[in-house]
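Structure first, then comments.
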Amino acid sequence: FGLRSALKEAAKDTEARIQKAKEEADAKTKDLEVQWDVEQKKLLTSLKKKADKTEITKLSQEQTNAIIKKVENSVVFVHVGMKGAGSGFAVNDEGRMLTNCLVVQEVHRLSVMTWQEDWVSADVVARDPVADLAILQITDEGMEMLKKVDRLPKALKFANSDEVNVGDRIFTLGAPRMLTRTVNAGQVSNIDRYLEPLPILNKVSGLYNLYFQVDAGVMPGNSGGPSVNIKGEVIGVNTRANHENALEGFVVPSNFVKDR
C-alpha cells in the first residue's frame, strides 16, 4: 500500500512538472510571437522610411525645374557700381532683401536687378559686419514699378538648418562672376566647417565661424544669395568661396541668420 501511494504521488508530481513545463513553453512561445511582431513592425517601418526617402529623391530629380521656378523670382542681383556686386533674396513681400555686408560695404543706395531683369534702386537699411549680413529695402519708386508689372520678389521661407545633413541636395542661386540669374546644383559636403574670420568694414566677422560646406559652385558674385533645399526653403546664405576650388563654397546656416 505504501509503495502504491508513493507511485501515485510521484505520478502527480510528474504531471505537475509537465504542466508547468508546458505553461512555461507556451509563455515563451507567446513572448517570441510578440517579439517577432515587434521586429516585423520595425522592419516594415524602416523599409517604409527608406522607400519614402527614395521617393523624395526621385521626385526632386523629376521636379528640379519646378523647385527652381518656385524660388528664382525671389532672388536679385545686387550692383554697387565700381565697388562690386553680389546677390540677395527677398525676406518679405514688401521689398525687403537680405545680402552680405561684404557686398554692400559702406554704400547707402545701390541697384538691384530682379530675376526678370527689372532694375530698381534700393537702400541699405541695416548692416551687421560681424555676421556679414545686410538688409536692403527697395525704394518706393521701385516698389510701385514692380507692383505694376506684378514682378515684386516674394519672400523665401527659411528651413530649420539644424535638420540639414551631409549629402542633402541643394541649389545655389545668384550671380557668380557677374553671371546673373545662375543656378547651380550640388549637395552639402560638411555641416560644421570652421573658417578663420575676415575683416569687414574694419571689424572682424568672428561671431560666426561654422559654415555649411557645399559643392554647388559658390563663387564671387554668389555672396548674399540663397542656398535652398529640395523644398525650395533657404538652408543658408552663400557667403564665402573657395578660391582654390570653384566647386566648393561656404554657407551661413539659416538658423543663425534668423536669430540675427
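Hydrogens, waters and symmetry mates play no part in the numbers below; they use all other heavy atoms, side chains included. Keep in mind the model is a prediction, meaning the values are calculated, not measured.
Among Val71, Ile68, Asn184, Ile235, the one residue that satisfies the side-chain contact (heavy atoms from CB on, under 4.5 Å) test with Phe171 is Ile68.
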Give the C-alpha distance, both sets of side-chain angles, the deciding distance and a yes or no for side chain to side chain contact (heavy atoms under 4.5 Å, CB included) between Val80 and Gln105.
CA-CA 9 Å; Val80 291; Gln105 299 186 48; 5.7 Å; no
Might you work through the side chain to side chain contact (heavy atoms under 4.5 Å, CB included) test for Asp168 and Asn229, ending with a clear yes or no?
CA-CA 8 Å; Asp168 285 354; Asn229 59 22; over 6 Å; no
Could you walk me through whether Ile135 and Leu98 pass side chain to side chain contact (heavy atoms under 4.5 Å, CB included), step by step?
CA-CA 5 Å; Ile135 296 292; Leu98 180 67; 3.6 Å; yes
Mind running side chain to side chain contact (heavy atoms under 4.5 Å, CB included) on Phe212 and Asn190 for me, showing each step along the way?
CA-CA 6 Å; Phe212 290 154; Asn190 187 289; over 6 Å; no
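Between the side chain of Asn222 and the backbone N or O of Met219, at least one donor-acceptor pair lies under 3.5 Å. Side chain of Ser227 to backbone of Gly236: no donor-acceptor contact under 3.5 angstrom is found. Using a distance-only test at 3.5 Å, with no hydrogens or angles considered, a donor-acceptor pair links the side chain of Asn160 to the main chain of Asp162. Panel note: side chain Asp192, backbone Leu210; no donor-acceptor pair is recorded below 3.5 Å. Ser87 contributes a side-chain N or O that, together with a main-chain N or O of Gly221, makes up a donor-acceptor pair within less than 3.5 Å. With Asn238 contributing its side chain and Pro226 its backbone, the two residues share a donor-acceptor pair below 3.5 Å. Put simply, the side chain of Asn92 never gets that close to the backbone of Ala155: no donor and acceptor are under 3.5 Å apart.
Inter-residue side-chain proximity for Val76 and Phe89 is flagged as unmet; no heavy-atom pair is nearer than 4.5 Å. Contact check for Glu248 versus Ser189: no side-chain heavy atoms found under the 4.5 Å cut-off. Side-chain contact between Lys154 and Asn73 is absent, with no heavy-atom pair separated by less than 4.5 Å. Residues Gln187 and Asp215 form a side-chain contact, since some pair of their non-hydrogen atoms from C-beta on lies under 4.5 Å apart. With contacts defined as side-chain heavy-atom distances shorter than 4.5 Å, the pair Val120/Val112 qualifies. Contact check for Glu72 versus Val183: no side-chain heavy atoms found under the 4.5 Å cut-off.
In terms of the side chain to side chain contact (heavy atoms under 4.5 Å, CB included) criterion, residue partners of Glu117 (sequence neighbours excluded) are, by chain and number, Met113, Arg181.
Rounding to the nearest 0.5 Å gives a distance of 12.0 Å between CD of Glu163 and CD1 of Ile191. To the nearest 0.5 Å, the span separating OH on Tyr211 from OH on Tyr194 amounts to 9.5 Å. Interatomic distance, Ile67 CD1 to Glu233 CD, rounded to the nearest 0.5 Å: 11.0 Å. We find the OG1-CG distance between Thr99 and Asp132 to be 8.5 Å, quoted to the nearest 0.5 Å.
The two residues His79 and Leu110 make their nearest non-hydrogen contact at O-CB, 3.4 Å. The two residues Ala175 and Phe77 come nearest to each other via the heavy atoms CB-CD1, 3.5 Å. Heavy-atom minimum distance, Arg127 versus Val107: NH2-O, 2.9 Å. Closest heavy-atom contact between Ser254 and Ser161: OG-CB, 3.3 Å. Shown here for Gln137 and Arg96, the closest heavy-atom pair between the two residues is OE1-NE, 2.8 Å. Heavy-atom minimum distance, Val214 versus Val218: CG2-CG2, 3.8 Å.
Heavy atoms from other residues, nucleotides or ligands lying under 6.0 Å from NZ of Lys258 number more than 12.
Hydrophobic clustering, with ILVMFWY side chains joined whenever heavy atoms are under 4.5 angstrom apart, groups Val166 together with Val164.
Comment: Glu94 engages Lys147 in a salt bridge, judged by a side-chain N to carboxylate O separation of less than 4.0 angstrom.
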Expected list for residues 139-146: side-chain donor-acceptor pairs under 3.5 angstrom, two or more places apart:
| from | atom 1 | to | atom 2 | distance (Å) |
| --- | --- | --- | --- | --- |
| Thr139 | OG1 | Ser121 | O | 3.4 |
| Thr139 | OG1 | Gly142 | N | 3.3 |

